[in-house]
Amino acid sequence: MTSVAQPPADATALTVVQVPVSDPRVEPLLRELGDEYSTRYGKDAHAELARYPDEEFTAPHGGVLLLLLEHGEPVAGGAFRRYDEATAELKRIWTHSAHRRRGLARRVVAELERVARARGYRRVYLTTGPRQPEARGLYLATGYTPLFDTEADPETIGPLPFEKHLTAPAATRAPAPTRAPAATRAPAATRAPAPAAAIDASRINPPEHT
């Protein structure tokens, strides 16, 4: 598929919201994903969207569904579900057909990773279809490790698995104590000069090393 380059996303106009699958703003996401899957894989591809119950993408079941809104309208979105105790599985990554090539999918993936990390997940896993080179390129570009032979024909592999290990949030460091201004610090104790006989001449002019 060919898409026309769009202007870069204006971060000030974008808002990320967590929503349930029942939110009416999710409908464009599901509709376009269904159409995309059907175009590339056949009519039965719509069943992919019904594989997991909606509850898996909401709390307290370990998942989340995010929408990226621009001036209140959904332009991109994505979700993750609990894969195992330490792993979140990305699903439903989508960019509206009128807003592609603006870096919106990267923004969604980064936000999903942030939420997953905050919830205690330490790994992200996903699969994408062999006929979705755009998705494959997205995950390679955002630091995901392919768990398949990238030199093989994707059609001979089937779903293409990827993973990414999330780093733990950096520990908050206590600020260094503030030193008093030089004028208010007590003067250093004055040391008495060493007796002349105790001075080691080798320390006055130490030998040079190369």
In sequence, state the C-alpha distance, the side-chain angles, and the governing distance for Arg25 and Glu73, and then conclude on side-chain contact (heavy atoms from CB on, under 4.5 Å). CA-CA 8 Å; Arg25 292 173 294 183; Glu73 295 297 321; over 6 Å; no
Stepwise side-chain contact (heavy atoms from CB on, under 4.5 Å) check, Arg117 with Arg122: CA-CA 6 Å; Arg117 185 184 297 109; Arg122 291 294 169 257; 3.8 Å; yes
What do the steps show when you test Glu48 against Arg40 for salt bridge (Lys or Arg N to Asp or Glu O under 4.0 Å), and what is the final call? CA-CA 13 Å; Glu48 167 61 25; Arg40 301 194 185 202; over 6 Å; no
Apply the test side-chain contact (heavy atoms from CB on, under 4.5 Å) to residues Lys91 and Leu126: give CA-CA distance (whole Å), side-chain angles for both, the deciding distance (0.1 Å), then the verdict. CA-CA 7 Å; Lys91 305 292 291 184; Leu126 66 94; over 6 Å; no
After noting the C-alpha distance and the side-chain angles of Leu65 and Asp54, does the key distance pass the side-chain contact (heavy atoms from CB on, under 4.5 Å) rule? CA-CA 10 Å; Leu65 192 156; Asp54 295 350; over 6 Å; no
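Taken to the nearest 0.5 Å, the CD atom of Glu27 stands 9.5 Å off from the CD atom of Glu32. With rounding to the nearest 0.5 angstrom, the OG1 atom of Thr145 is 7.0 Å from the NE2 atom of His165. Here Thr128 contributes atom OG1 and Ile93 contributes atom CD1; the two are 9.5 Å apart, rounded to the nearest 0.5 Å. Atom-to-atom distance recorded for Trp94:CH2 and Leu68:CG is 9.0 Å, nearest 0.5 angstrom. In this structure, CG on Leu160 lies 9.5 Å from CG on Leu140, to the nearest 0.5 angstrom.
Looking only at distances, a side-chain donor or acceptor of Arg136 sits under 3.5 Å from a matching main-chain atom of Thr150. When atom types are taken as modelled, the side chain of His61 and the backbone of Gly63 share no donor-acceptor pair closer than 3.5 angstrom. Tyr144 places no side-chain N or O within donor-acceptor distance of the main-chain N or O of Val124, the cut-off being under 3.5 Å. The backbone N or O of Glu55 sits less than 3.5 Å from a side-chain atom of Thr58, completing a donor-acceptor pair. No donor-acceptor pair under 3.5 Å is formed between the side chain of Glu113 and the backbone N or O of Leu166. Side-chain atoms of Gln132 come within 3.5 Å of backbone N or O of Gly129 as a donor-acceptor pair. With hydrogens and angles disregarded, a donor-acceptor distance shorter than 3.5 Å links the side chain of Lys164 to the backbone of Thr142.
Taking each heavy atom of Phe80 and Phe57 in turn, the nearest pair found is O-CD2, 3.7 Å. Taking each heavy atom of Asp84 and Tyr121 in turn, the nearest pair found is O-CE2, 3.7 Å. Annotation for Val108 and Gly78: closest pair CG1-N, 3.8 Å, computed over non-hydrogen atoms. Of all the heavy atoms in His99 and Arg102, the pair that sits closest is ND1-NH1, 2.9 Å. Nearest heavy atom pair, residue Leu30 against residue Leu49, reads O-CD1, 3.4 Å. Taking each heavy atom of Ala76 and Leu104 in turn, the nearest pair found is CB-CB, 3.9 Å.
Under a hydrophobic-cluster definition in which Ile, Leu, Val, Met, Phe, Trp and Tyr are linked whenever side-chain heavy atoms come within less than 4.5 Å, directly or via other members, Leu67 and Leu14 are assigned to different clusters. Follow the hydrophobic side-chain contacts under 4.5 Å out from Phe148 and you reach Leu138 in the same cluster. By the rule that hydrophobic residues join a cluster once side-chain heavy atoms approach within less than 4.5 Å of another member, Leu33 and Val19 end up as members of one cluster.
In this structure, Tyr83 and Tyr125 have tilted ring planes: the angle between them lies in the 30° to 60° band. In this structure, Tyr139 and Phe162 have tilted ring planes: the angle between them lies in the 30° to 60° band.
Test Arg51, Arg81, Arg123 against Glu89 for salt bridge (charged side-chain N to carboxylate O under 4.0 Å, His left out) and you get one pass: Arg81. Applying the side chain to side chain contact (heavy atoms under 4.5 Å, CB included) test between Leu66 and each of Arg107, Arg92, Gln18 identifies Gln18 as the sole match.
Proximity of Pro130 to Tyr41: side-chain heavy atoms (C-beta onward) are separated by under 4.5 Å at one or more points.
In Glu155, the CD atom is crowded: over 12 heavy atoms of neighbouring residues, nucleotides or ligands sit closer than 6.0 Å.
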